[in-house]
Structure formats: C-alpha cells, structure tokens
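Notes follow once the structure below has been shown.
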Amino acid sequence: QVHLVESGGGLVQTGGSLRLSCADSERTYSPYAMGWFRQDPGKEREFVAAISWSGDSTSYADSVKGRFAIFRDGAKNTVYLQMNDLKAEDTAVYYCAAKPVTWLRRNTYYTKLADDDNWGQGTQVTVSS
C-alpha cells in the first residue's frame, strides 16, 4: 500500500511557476495510475491532471491545459505537476492520488478516484493577485 507525500507548494505571484512533487514514501513499485486534484475552502475537489502508470497517457482539466504538465520519473514512484503561468484561481490545496492498476491498464489514466484510493495530505498553493 502506498503512502503519498506532496511537496513543492508555496506562495507565488501571478504568472509565476511551481513544481509539485508526489512521492511514495513506502517505495512501492507496483503499477499505479496517478493524478492531481485541488480544492479551495467551500468548494468541491476538482480534477487537475492525470497520468497512466506507463507515463504515456495524460489528461488535463480545461482550466489548466497549456499551462500545467504532469509527468513521472523513470522509476514511476514519483509524479510531478509543473505549473506555469499561475493565476489567482489556481489557489488551492493540491492533492496527489494513486490508483492501483493491472498490466492491461498500464496506459490508462483516471480523472476520478474513489475515497478509498490512495490520497496524500495535500500541499498549499497560493497565487497572489
């Protein structure tokens, strides 16, 4: 079972960049599709970006297309979210999540995950306006 830890959040001005990291502290190398979600107080958690276990398939929310990029390292135990041209509306707590997959689904990404899937504790991103 994975234990996800997010890092890289912080305060940035409008138009700036941040790179978030999500690492499996238990060093699990079983297949997992992974994704990023975000949530502001009083709002529902929303999908941001997703990536397949293979790293070959990705998906992005319309609000971040062209600005954000999700990718995995070679060992596939860490996923990153590169955020460029940040806007005030990007302010939120960002959560990493992992869904176990089979070899058959190695190229599948998921834009929705269940509550009993693996979730990190979140990292705060604040974009000044």
Side-chain angles (χ1 to χ4, degrees):
Q1 187 174 358
V2 300
H3 179 213
L4 303 178
V5 180
E6 300 99 333
S7 63
L11 176 65
V12 64
Q13 65 186 37
T14 299
S17 298
L18 285 174
R19 178 176 290 185
L20 306 184
S21 299
C22 175
D24 174 18
S25 64
E26 300 299 321
R27 301 182 72 251
T28 301
Y29 294 97
S30 298
Y32 281 88
M34 302 183 75
W36 287 95
F37 300 76
R38 67 188 182 188
Q39 186 173 25
D40 256 341
K43 297 182 179 180
E44 295 294 315
R45 184 156 57 191
E46 65 176 345
F47 164 75
V48 177
I51 189 169
S52 64
W53 175 76
S54 69
D56 293 335
S57 299
T58 59
S59 181
Y60 299 91
D62 289 341
S63 60
V64 305
K65 285 181 179 178
R67 299 189 298 118
F68 290 11
I70 186 172
F71 58 98
R72 312 184 72 140
D73 66 5
K76 297 182 174 63
N77 63 340
T78 303
V79 66
Y80 303 91
L81 184 67
Q82 178 65 46
M83 305 185 294
N84 298 321
D85 191 25
L86 284 162
K87 306 178 183 299
E89 51 264 42
D90 295 318
T91 295
V93 176
Y94 284 70
Y95 297 90
C96 178
K99 179 181 180 65
V101 299
T102 64
W103 177 253
L104 183 64
R105 307 298 183 194
R106 63 192 180 278
N107 295 321
T108 302
Y109 59 80
Y110 298 86
T111 59
K112 291 184 177 181
L113 286 91
D115 289 340
D116 58 352
D117 285 320
N118 299 284
W119 293 86
Q121 294 299 305
T123 184
Q124 177 71 49
V125 172
T126 302
V127 184
S128 63
S129 60

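Starting from 1, each residue takes its place in the sequence as its number.
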Main-chain N/O of [Y] paired to [X] side chain as donor or acceptor, under 3.5 Å:
| X | Y | answer |
| --- | --- | --- |
| Arg105 | Thr102 | no |
| Glu6 | Gln121 | yes |
| Thr123 | Ser7 | no |

Determine the minimum heavy-atom distance between [X] and [Y], stating which atoms define it.
| X | Y | value |
| --- | --- | --- |
| Arg72 | Tyr32 | NH1-O, 2.6 Å |
| Asp117 | Pro100 | OD1-CD, 4.2 Å |
| His3 | Asp24 | N-OD1, 3.1 Å |
| Cys22 | Met34 | SG-CE, 3.9 Å |
| Gly9 | Leu20 | N-CD2, 3.5 Å |
| Ala69 | Tyr60 | CA-OH, 3.3 Å |

>> Looking only at the side chains, is there a donor atom on one of Ser52 and Asn107 sitting less than 3.5 Å from an acceptor on the other?
In response: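 There is no such pair between these side chains.
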
Nearest 0.5 angstrom please: [X] [atom1] to [Y] [atom2], how far?
| X | Y | atom1 | atom2 | result |
| --- | --- | --- | --- | --- |
| Ile70 | Ser57 | CD1 | OG | 11.5 Å |
| Thr108 | Ile51 | OG1 | CD1 | 12.5 Å |
| Leu113 | Phe37 | CG | CZ | 4.5 Å |
| Ser128 | Leu86 | OG | CG | 10.0 Å |

Do [X] and [Y] share a hydrophobic cluster (ILVMFWY, side-chain heavy atoms under 4.5 Å, transitive)?
| X | Y | answer |
| --- | --- | --- |
| Trp36 | Val127 | yes |
| Val93 | Val12 | no |
| Trp53 | Tyr110 | yes |
| Phe68 | Leu18 | yes |
| Leu81 | Tyr95 | no |

> Going by heavy atoms in the side chains, are Glu46 and Arg38 under 4.5 Å from each other?
Replying inline: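 The answer is yes, as the side chains (C-beta and beyond) meet within the 4.5 Å cut-off.
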
> Do Tyr80 and Asp73 come close enough that some side-chain heavy atom pair is under 4.5 Å?
Replying inline: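 Side chain of Tyr80 against side chain of Asp73, heavy atoms only: contact under 4.5 Å found.
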
> When you check the gap from the basic side-chain N to the acidic O, do Asp90 and Lys87 get nearer than 4.0 Å?
Replying inline: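 Looking at Lys87 together with Asp90, the answer is no, because their closest N to O distance does not fall below 4.0 Å.
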
>> Could you go through Leu11 and Gln124, starting from their C-alpha distance and side-chain angles, then the distance that decides it, and tell me whether this counts as side-chain contact (heavy atoms from CB on, under 4.5 Å)?
In response: CA-CA 8 Å; Leu11 176 65; Gln124 177 71 49; over 6 Å; no

> Are there more than 12 heavy atoms of other residues, nucleotides or ligands under 6.0 Å from atom CD of Glu44?
Replying inline: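 No, not enclosed.
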
